[in-house]
Amino acid sequence: MPQKAQEIAEQVKAQLGSVDGISHIEAVKGYLNVYFKTSDYARRVVDEVINSGEDFGRGAKKSEKVMVEYAQPNTHHSFHIGHARNTVLGESLARLVEYAGFETIRAAYPGDLGLGVITVMWIYEKFYKGQEPAGIHERGQWLAKLYVEATSLLEKKDNETPEETAKREGYETERREMYRKWDAGDDYVRKLWHETREWSLEELRDVLQMLDVKMDVWFYESEVDEPSKAIVDELIAKDIATDERPQGGAVIVKIDEKLGLTKEKYRTNVILRSDGTTLYLTKDLALAKVKFEQYHVDRSIYVVDVRQSMHFQQAFAILKLWGFPQAEKCYHLGYGFISLPEGAMSARRGRVVLFKDVADEAVKRVLSLETERSADIPASEREKIASQIGLGALVYSMLSVDNNKDIVFDINEALSFDGRTGPYIQNAHVRANSILKKAGSQTFQPDHLPIFNYDLTKNEIELIEQISRFPQAVQQAAEEYRPLVMASYTYELANTFHSFYHAVNVMQTEDENTRNARLRLVAAAKQTLANALHLLDIQAPDVM
RNA sequence: GCCUCCGUAGCUCAAUGGAUAGAGCAACUGCCUUCUAAGCAGUAGGUUGUGGGUUCGAAACCCGCCGGAGGCGCCA
């Protein structure tokens with residue numbers, strides 16, 4: 001029998017009576033509001049933060065092992081802003097699940113084979129061998145330029161003269177021949193491949209370092225290519241895959257039929273081309289097997305563009321048919337793609353915004369702001385802080401939008417330093433630090449801790465409440481695989497701190513106990529901000 | 001044709017069945033000899049695309065419609 005929420009709340013209130021540590025209880029609009037005694041509550045929260053330090057909010061160890069796969073750019077291209085969204089999302093998620101208590105493995109999976117790779121190798125070998133620039137990023141970006149040029153040379157054009165057509169077709173033949181040699185393991189082509197691939201990987205490693213990402217495992221598409229062929233045979237033997245090669249077809253999996261579904265859902269997909277070569281899906285199946293059997297992964301998370309959601313649904317369904325119970329805990333964290341105001345990015349046409357260019361611009365903008373606002377920061381530290389702030393702005397702009405949302409990249413928005421941004425949060429951390437710095441290094445003996453027995457202001461109570469919510473924000477973000485939850489929480493915390501900062505002047509507080517209690521609160525806020533920023537892959541500078 | 005996601009303030013976005021739907025940007029009003037104003041306090045801005053349904057209670061769940069994006073056996 002339905003009952004009005006308000007009536008229930010009133011009944012519960014009446015039954016509770018008075019409880020130790022609770023000041024009073026209200027039943028309002030169907031809610032039961034329980035008010036803690038501020039002095040007890042404040043002490044509990046602040047003590048816990050300060051005693052736990054960097055571990056405040058860390059969840060209890062969980063038995064499952066999680067692997068997060070992200071950073072899967074193709075080699076022989078350059079790292080663009082879309083890859084940055086992927087990497088930042090993946091890293092933040094990895095930090096969150098790890099902090100929530102899961103043993104966590106970070107995995108990169110660069111695409112180092114395929115026609116795009118061969119195309120770059122072809123033009124390099126034909127026209128540019130030995131002309132590569134020396135700098136890591138210059139060289140990586142140069143490969144991307146070669147790709148654009150090669151694509152243009154190989155593309156059929158309107159109004160071609162017969163000579164042009166013959167030339168283009170000649171190029172195409174050379175490219176195919178190179179692909180064939182690569183596939184056959186030709187020494188020269190393989191050496192060329194290794195050398196050029198390494199240039200891309202060097203650039204990738206440098207970008208990951210800039211983003212403070214430390215991968216545990218590096219998978220390469222080329223390494224699962226061969227093993228995945230054996231998997232095709234296994235799936236045929238288990239009657240999961242259907243071999244249509246005798247009829248001149250491919251090897252396919254009729255997923256719906258095998259699952260006994262009558263309605264079309266996963267459809268049918270090819271796992272081996274009729275010419276015997278593997279596909280994206282084939283390799284992902286092989287890689288999943290490695291993850292489950294060699295790395296003992298219980299939960300496998302794939303941070304990949306949302307356009308591949310069908311691919312992953314199919315892959316997970318096949319893994320289930322194959323008999324892997326972990327298939328139930330495979331999760332595709334899809335994210336919307338980043339486009340430009342003038343349209344989609346295209347590596348083919350060279351219409352991309354490179355991550356490095358944006359990062360450089362970010363540093364430049366912060367540096368010019370610093371000379372105007374923070375003249376006291378020594379020149380030697382400025383560059384480092386500028387990079388922390390600039391990247392903080394960029395990273396936060398990517399994490400503060402839900403992952404299923406597409407983003408039209410606007411550099412002025414991404415590098416904004418005002419309002420709901422990374423620097424706003426970092427600034428709260430800096431302000432907390434400057435109060436503590438001014439107070440000097442004060443430590444309190446456990447039996448002489450300041451006590452919160454004065455009338456706390458509204459701002460102090462709100463700050464304490466916000467700090468106390470951090471551990472559950474960690475758990476929620478990790479359970480839902482959503483860094484956005486942490487991004488939102490962290491902004492709220494910074495916002496609460498900024499308000500407190502203005503309303504309460506800590507160092508001018510006359511009463512010594514009250515001032516010391518407030519200093520402890522500031523220290524707790526600083527710690528919580530630092531912990532939260534870390535989970536967002538954003539640095540927490542002490543000055544800015 | 002089928003599937004997935006989306007539609008919330010002028011713009012960009014939050015809010016996963018609970019209180020008066022919140023932020024930022026843009027606009028407007030105040031606040032720097034103070035722990036750095038990358039900030040704070042405030043004003044204004046909403047029939048949550050639309051029509052039904054479920055519920056004590058719906059932006060959220062269900063059904064229809066309108067509009068947008070993406071995907072659907074030998075690309076990745």
Side-chain angles (χ1 to χ4, degrees), chain A residues 2-8 28-31 33 72 74 111 113-116 221 242 244 249-255 263-284 304-311 313-314 334 336-337 339 366 369-370 372-377 389 393 397 400-402 404-408 410 412-413 416-428 430-439 476 480 482 484-485 487-488 491-492 494-495 497-509 518-519 522 543-544:
Chain A
Q3 209 174 0
K4 290 259 191 265
Q6 176 61 18
E7 291 170 15
I8 299 172
V28 182
K29 291 180 184 175
Y31 284 83
N33 293 334
Q72 314 98 329
N74 287 330
L113 50 71
L115 191 60
E221 265 192 87
T242 310
E244 294 185 337
V251 179
I252 62 171
V253 181
K254 296 175 181 171
I255 308 171
K263 265 177 65 182
E264 184 177 65
K265 183 167 183 191
Y266 299 103
R267 298 167 184 257
T268 295
N269 210 349
V270 174
I271 57 168
L272 196 72
R273 288 192 188 96
S274 43
D275 67 1
T277 56
T278 68
L279 289 127
Y280 185 38
L281 182 58
T282 328
K283 284 171 272 209
D284 252 333
V304 183
D305 188 332
V306 74
R307 282 175 289 193
Q308 273 140 56
S309 56
M310 177 64 116
H311 161 82
Q313 280 189 48
Q314 293 178 330
F337 56 89
S339 61
V366 182
L369 208 58
E370 271 182 3
E372 149 194 339
R373 297 186 193 173
S374 313
D376 50 326
I377 297 177
I389 306 297
S397 78
S400 61
V401 179
D402 211 351
N404 63 16
K405 228 101 186 175
D406 292 342
I407 295 179
V408 178
D410 176 339
N412 293 320
E413 239 169 71
S416 165
F417 307 138
D418 301 321
R420 199 176 193 283
T421 64
Y424 173 93
I425 300 165
Q426 290 170 313
N427 190 34
V430 165
R431 285 177 147 184
N433 182 65
S434 73
I435 294 173
L436 297 172
K437 198 168 65 185
K438 187 165 182 181
Q476 192 197 340
E480 297 177 5
R482 280 177 63 206
L484 168 67
V485 169
S488 300
Y491 171 74
E492 293 301 325
N495 181 240
F497 183 80
H498 277 304
S499 299
F500 160 83
Y501 178 91
H502 276 270
V504 180
N505 193 313
V506 175
M507 292 313 289
Q508 284 181 14
T509 305
R518 285 176 172 166
L519 279 171
V522 170
V543 289
M544 66 188 274

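Chain naming here is simple, since letters A, B, ... match the order of the sequence lines and numbering starts at 1 in each.
By the 30° and 60° cut-offs, the orientation of the rings of A:His311 relative to A:Tyr280 is parallel.
In this structure, of B:rA69, B:rA15, B:rC40, it is B:rC40 that holds the atom nearest to the side chain of A:His498. Comparing B:rU16, B:rA69, B:rA76 against the side chain of A:Leu279 picks out B:rA76 as the nearest. When each of B:rA69, B:rG24, B:rC13 is scored by its nearest atom to the side-chain atoms of A:Arg420, the top-ranked nucleotide is B:rG24.
Between the A:His498 side chain and the A:Tyr424 main chain, a donor and an acceptor come within less than 3.5 Å of each other. Panel note: side chain A:Ser374, backbone A:Met544; a donor-acceptor pair is recorded below 3.5 Å.
Regarding contacts with the backbone of B:rC6, a side-chain N or O of A:Asn404 is found under 4.0 angstrom from either OP1 or OP2. Proximity of A:Lys405 to the phosphate of B:rA69: no side-chain N or O atom is located under 4.0 Å from OP1 or OP2. Contact between the side-chain N/O atoms of A:Tyr266 and the OP1/OP2 oxygens of B:rG71 is not found at any separation under 4.0 Å. In this structure, A:Arg431 reaches the B:rA37 phosphate: one of its side-chain N or O atoms is under 4.0 Å from OP1 or OP2. Not one side-chain nitrogen or oxygen of A:Arg373 sits closer than 4.0 Å to the OP1 or OP2 atom of B:rU36. Between A:Ser434 and the phosphate of B:rU36, there is a side-chain N or O to OP1/OP2 separation shorter than 4.0 Å. Between A:Arg273 and B:rC75 there is a side-chain polar atom (N or O) within less than 4.0 angstrom of OP1 or OP2.
Comparing B:rU36 with B:rC13, their C1' atoms are spaced 29 Å from each other, to the whole Å. Taking atom C1' in both B:rA26 and B:rC11, one finds a spacing of 8 Å when rounded to whole Å. A distance of about 24 Å separates the P atoms of B:rC40 and B:rG46, rounded to the whole Å. Comparing B:rG39 with B:rC3, their C1' atoms sit 48 Å apart, to the nearest whole Å. Taking atom C1' in both B:rG17 and B:rU48, the straight-line distance is 16 Å, to the nearest Å. Taking atom P on both B:rA14 and B:rU34, the two are 39 Å apart, rounded to the nearest angstrom.
Base engagement by A:Asn505 is indicated by at least one non-hydrogen atom pair under 4.0 Å involving a base atom. In this structure, A:Ile271 reaches neither bases nor backbone, as no heavy-atom distance under 4.0 Å exists between it and the strands shown. Using a 4.0 Å heavy-atom cutoff across all strands shown, A:Arg482 reaches at least one base atom of the nucleic acid. A:Asn495 comes within contact range of the sugar-phosphate backbone alone, with a heavy-atom separation under 4.0 Å but no base atom that close. Residue A:Ile389 is in base contact, counting any heavy-atom pair closer than 4.0 Å across all strands shown. Among the heavy atoms of the strands, none lies under 4.0 Å from A:Glu492. Within the nucleic acid shown, A:Ser499 comes within 4.0 Å of sugar-phosphate atoms alone, with no base atom in reach, counting heavy atoms only. At a threshold of 4.0 angstrom between heavy atoms, the contacts of A:Tyr280 include nucleobase atoms, whether or not backbone atoms are also involved. Base contact: A:Val504 has a heavy atom under 4.0 Å from a base atom. Among the atoms of the strands shown, none is found under 4.0 Å from any heavy atom of A:Asp410. A:Met507 comes within 4.0 angstrom of a nucleotide base, judged by non-hydrogen atoms across all strands. When heavy atoms are screened at a 4.0 angstrom cut-off, A:Gln72 is found touching no nucleic acid atom at all. Note on A:Tyr501: a base of the nucleic acid sits closer than 4.0 angstrom, heavy atoms only.
Between A:Tyr491 and A:Asn269, the residue anchored closer to the 5' end of RNA chain B is A:Tyr491, taking for each the nucleotide with the nearest heavy atom. Each of A:Val270 and A:Ile377 was assigned the nucleotide of RNA chain B with the nearest heavy atom; the assignment lying further toward the 5' end belongs to A:Ile377.
One N or O donor and one acceptor, one from the side chain of A:Ser274 and one from the base of B:rC74, sit under 3.5 Å apart. Below the 3.5 angstrom threshold, one finds no donor paired with an acceptor across the side chain of A:Arg307 and the base of B:rU4. Between the side chain of A:Arg267 and the base of B:rC3, no donor-acceptor pair under 3.5 Å is found.
In this structure, A:Arg307 satisfies the cation-pi test against A:Phe337, with its NZ or CZ atom closer than 6.0 Å to the six-membered ring centre and inside 45 degrees of the ring normal.
The shortest side-chain heavy-atom distance between A:Leu279 and A:Ile271 does not fall under the 4.5 Å cut-off. At a threshold of 4.5 Å between non-hydrogen side-chain atoms, the residues A:Arg518 and A:Ile435 do not count as touching.
Atom-to-atom, CD of A:Gln314 to P of B:rC2 comes out at 19 Å; the value is rounded to the nearest Å.
The structure places OG1 of A:Thr278 at 7.0 Å from CG of A:Leu113, a figure rounded to the nearest 0.5 Å.
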